Amino acid sequence: MKLTHIATALDATIEGDAAIEVDELAPLDGAGPRSLSFLSNPRYAPQLAQTGAAAVILGPDMEGPGCAVLRVADAYLAFAKALELFDRPVRPADGIDPRAHVADSARIGEGARIAPGVQIGEGVRIGARAQLHPGVVVYPDVAIGDDFTAHANVVIRERVRIGDRVTLAAGVALGGEGFGYIPLPGGGVQNVRQIGSVEIQDDVEIGANTTVDRAAIGVTRIEKGAKIDNLVMIAHGCRIGSEALIAAQTGLAGSTVVGSRAQLGGQVGAAGHLSIGADARVAAQSGVPNDVAPGAVVGGYPAMDVGLWRRVSAAVHKLPELLRRVRRLEKAMQGD
Amino acid sequence: MKLTHIATALDATIEGDAAIEVDELAPLDGAGPRSLSFLSNPRYAPQLAQTGAAAVILGPDMEGPGCAVLRVADAYLAFAKALELFDRPVRPADGIDPRAHVADSARIGEGARIAPGVQIGEGVRIGARAQLHPGVVVYPDVAIGDDFTAHANVVIRERVRIGDRVTLAAGVALGGEGFGYIPLPGGGVQNVRQIGSVEIQDDVEIGANTTVDRAAIGVTRIEKGAKIDNLVMIAHGCRIGSEALIAAQTGLAGSTVVGSRAQLGGQVGAAGHLSIGADARVAAQSGVPNDVAPGAVVGGYPAMDVGLWRRVSAAVHKLPELLRRVRRLEKAMQGD
Amino acid sequence: MKLTHIATALDATIEGDAAIEVDELAPLDGAGPRSLSFLSNPRYAPQLAQTGAAAVILGPDMEGPGCAVLRVADAYLAFAKALELFDRPVRPADGIDPRAHVADSARIGEGARIAPGVQIGEGVRIGARAQLHPGVVVYPDVAIGDDFTAHANVVIRERVRIGDRVTLAAGVALGGEGFGYIPLPGGGVQNVRQIGSVEIQDDVEIGANTTVDRAAIGVTRIEKGAKIDNLVMIAHGCRIGSEALIAAQTGLAGSTVVGSRAQLGGQVGAAGHLSIGADARVAAQSGVPNDVAPGAVVGGYPAMDVGLWRRVSAAVHKLPELLRRVRRLEKAMQGD
């Protein structure tokens with residue numbers, strides 16, 4: 001690909017040889033004479049001088065290493081655009097494979113690519129240009145919009161509703177029964193049937209092996225543009241706001257509400273029946289027992305203001321020594 | 001459905017118009033003129049006055065909002081029974097689909113519903129009325145009781161034993177090799193083969209994408225009526241007591257013993273080779289390094305008495321300030 | 001199996017009746033007159049006297065319970081070898097099942113065992129003696145070495161590279177898009193396409209439902225002999241060193257580097273863009289925000305030296321009392 005072509009797509013200025021062609025994007029330390037690389041995280045700045053790249057994408061203040069430079073306002077954003085230029089997505093073959101099983105009453109839109117081994121139940125409706133990879137199972141009465149992609153072995157339970165341009169990674173399970181049980185005083189356990197559903201709005205993306213349970217009544221809802229990573233647990237009745245970002249292995253107990261654009265790090269736990277406000281940020285591994293205010297930045301277990309949490313983190317290893325010092329003070333006082 | 005019919009099933013007294021009919025169960029804030037709703041968590045009491053429900057299920061002391069009331073002793077328990085009335089479970093079609101693959105030596109009981117794409121190995125025995133959704137894989141020599149339900153893409157490895165009325169959610173993996181390796185002093189790793197099995201007793205339910213590994217020798221056992229949520233890890237040789245409840249993303253290392261009716265919150269970790277006593281309760285995200293006494297209620301990392309843990313949680317953010325105060329005391333003492 | 005045969009394989013000395021035959025390996029408390037058992041964890045020593053085993057494997061210093069003894073240098077290592085003798089692994093039937101779907105351009109080596117319902121994409125290359133259980137999905141252009149085993153419903157995305165003697169447990173998902181999004185200042189989210197791949201080297205084993213995401217550019221790499229447990233998350237761009245051991249539910253954020261032979265306990269979280277050195281050990285549930293030195297042993301949240309962490313753990317429950325004591329000291333000082 002010509003560097004000039006890339007520069008146009010990235011809104012970049014070329015410094016150096018504009019006639020260069022590159023074949024691939026590569027990290028600084030893996031780049032060769034046909035590679036385009038980039039630097040945005042200053043952590044990797046020492047790799048810049050040694051890189052073998054033909055060209056690098058750099059932000060305004062960063063000096064080039066001698067090779068050609070694509071100068072941009074925001075190196076990471078420009079890199080994201082470059083990735084789109086080089087992306088070669090794999091799609092199932094055109095049409096509905098005869099080894100897929102589509103129920104008679106299901107309706108599939110135009111341009112579908114349905115792989116062998118896909119199972120689509122009665123009453124299912126899927127919009128245009130769907131891509132269903134092998135082993136995807138869609139239970140009856142599911143409704144899905146246009147431009148849907150489900151990777152291999154995704155499971156979508158009955159009556160789930162999915163919007164346009166949704167992508168589900170391998171092994172995602174949508175719409176399973178929520179975990180509801182009442183231990184009875186005299187022994188035994190009363191099962192709380194979960195008869196609600198799951199609603200996934202437009203532009204949502206969900207990572208591999210993540211599970212989203214259906215509500216006991218009503219819906220578990222993931223709103224427009226939210227992005228959810230791998231192995232996340234969204235329990236029954238949760239509501240995830242638009243453009244929220246939820247990192248891997250985070251778990252939200254029942255009826256947790258996450259506001260728009262909130263960001264949750266990995267392995268966060270929320271106790272359920274609480275609200276994490278819009279634009280809030282929760283540090284990885286935090287435990288959230290109570291509401292988090294909109295825009296708040298919290299961390300720790302239990303979660304607190306992140307600045308305080310950092311000071312607590314810095315102090316916690318002094319605790320054994322602190323005990324000794326207090327004991328010494330107490331002795332000194334008694335000795336008075 | 002007639003309110004009088006529901007009232008009988010729930011053992012409820014009707015206050016208001018007994019002639020009402022409702023079509024659905026709905027949360028207070030999503031209820032309309034054909035909805036039955038309920039209130040049990042006082043957190044949602046403010047929604048009661050505004051609800052558009054035709055009728056609500058209420059416990060003894062709660063004043064009705066003007067609409068009809070189904071008065072019961074325990075609103076949540078009554079709601080659970082109402083859910084059963086409205087549940088419309090989806091089952092695979094009657095019989096064994098010709099696109100399923102059942103090995104010649106497998107024996108399937110009467111009334112089975114086996115979906116396309118199911119794979120059943122040699123020597124498998126399954127009782128009456130089994131429901132196997134698409135993509136379920138049963139390895140050879142598995143024995144399963146009556147009224148078994150496996151949702152799509154469940155995997156059951158060789159020789160696993162399963163009782164009656166067991167339900168497995170999508171993507172559950174039972175009977176994988178436990179994680180056993182011995183790093184050798186001179187380099188290299190000795191694999192510890194896992195030749196035991198998994199035993200799932202009657203009335204157990206397991207959530208989506210949960211994994212239960214087989215024991216090195218003997219069995220990993222989940223006893224009668226235990227309920228396990230999504231994305232839980234039960235390692236080799238664990239024993240989960242009857243009617244224990246284990247919430248999502250909890251992980252139990254090898255040979256953990258959980259007593260009957262114990263309740264573990266989400267994201268709990270147990271260190272293995274330890275015992276959590278009967279009726280014990282472990283708060284979400286706790287780390288359990290040692291035995292927990294029967295009936296104990298613990299929380300935190302490392303887990304301690306939950307009352308103490310709450311006080312520690314309330315105190316931990318004062319730690320940086322405490323350091324300053326002790327420093328001040330030390331200076332004052334020196335200044336004496 | 002004759003005890004003499006086992007003794008030879010284990011390099012053991014027989015004490016007692018060498019003519020004994022045993023049928024199975026069993027734990028001390030589940031052993032009968034045809035069982036061979038063992039003791040290595042001193043925690044289970046009290047079970048030794050009561051065991052009904054025909055013979056037990058014991059290390060040098062342990063007195064036998066009266067039955068035959070296989071005396072060895074290291075009881076756990078000898079037990080691991082005994083497990084190999086008794087292992088009866090289940091394999092798919094010989095050959096490529098006609099109900100599997102292998103793309104025309106795929107190349108499968110000799111001795112393959114490919115089960116019904118397996119899907120292999122265009123351009124895939126797989127070496128000799130592959131075992132693919134039902135429901136395995138291999139996307140196009142994947143390259144796999146010899147002696148590969150994939151259990152049911154494994155998903156391998158396009159262009160992933162896998163070495164020799166690799167085993168993937170049920171539900172593993174390799175090569176999904178990494179979680180990369182840039183929230184835009186004016187609203188909206190820029191998707192960071194992930195066009196790199198995953199490389200799994202020789203002798204790696206990966207547990208059930210674990211996910212390994214592909215890198216944005218370059219590869220996510222798991223090096224020779226590393227062993228990864230169930231439900232682990234390896235994010236885009238990570239590098240896991242040779243013979244590293246990673247226990248269940250651990251999550252590594254993007255570009256984490258784990259050194260050779262490092263051991264990570266269960267539910268560990270690493271913040272990404274950091275390095276855990278060779279031979280380091282990280283205690284279960286730890287949170288790793290920064291680099292860990294080679295050989296270091298750390299624990300806690302945030303992770304610190306494990307000895308210090310044990311003292312902090314022992315002190316943390318004294319925090320509420322410490323607050324009271326400092327308050328008392330302050331009052332006493334003021335009262336001076």
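Reminder, nothing fancy here: chain letters follow the sequence lines and each chain counts from 1. On a predicted model such as this, the values are computed, not experimentally measured, just so you know.
The parts of Leu231(A) that come within reach of chain B are both its backbone and its side chain, each placing non-hydrogen atoms under 4.5 angstrom from that chain. Neither the backbone nor the side chain of Arg91(B) comes within less than 4.5 Å of any heavy atom of chain A. Only the side chain of Gln267(B) comes within contact range of chain A, with at least one heavy atom under 4.5 Å from a heavy atom of that chain. Residue contact with chain B, scored on non-hydrogen atoms closer than 4.5 Å, involves the backbone and the side chain of Asn191(A) alike. For Gln249(B), the part lying near chain A is the side chain, with the backbone staying farther off; criterion is any non-hydrogen pair under 4.5 Å. For Met304(A), the part lying near chain B is the side chain, with the backbone staying farther off; criterion is any non-hydrogen pair under 4.5 Å.
In this structure, His133(B) and Tyr139(A) have parallel ring planes: the angle between them is below the 30° cut-off, well short of the 60° mark.
For His236(A), the ring pair (Phe, Tyr, Trp, His ring centres under 6.0 Å) test picks out no residue, with sequence neighbours left out. Annotation: side chain to side chain contact (heavy atoms under 4.5 Å, CB included) contacts of Asp305(A) (sequence neighbours excluded): Leu308(A).
Without hydrogens or angle criteria, Asn209(B) side chain to Gly171(A) main chain gives a donor-acceptor distance under 3.5 Å. When atom types are taken as modelled, the side chain of Arg325(A) and the backbone of Val326(B) share no donor-acceptor pair closer than 3.5 angstrom.
If you run side-chain hydrogen bond (donor to acceptor under 3.5 Å, both in side chains) between Tyr181(A) and each of Glu205(B), Gln263(B), Lys227(B), only Glu205(B) comes through.
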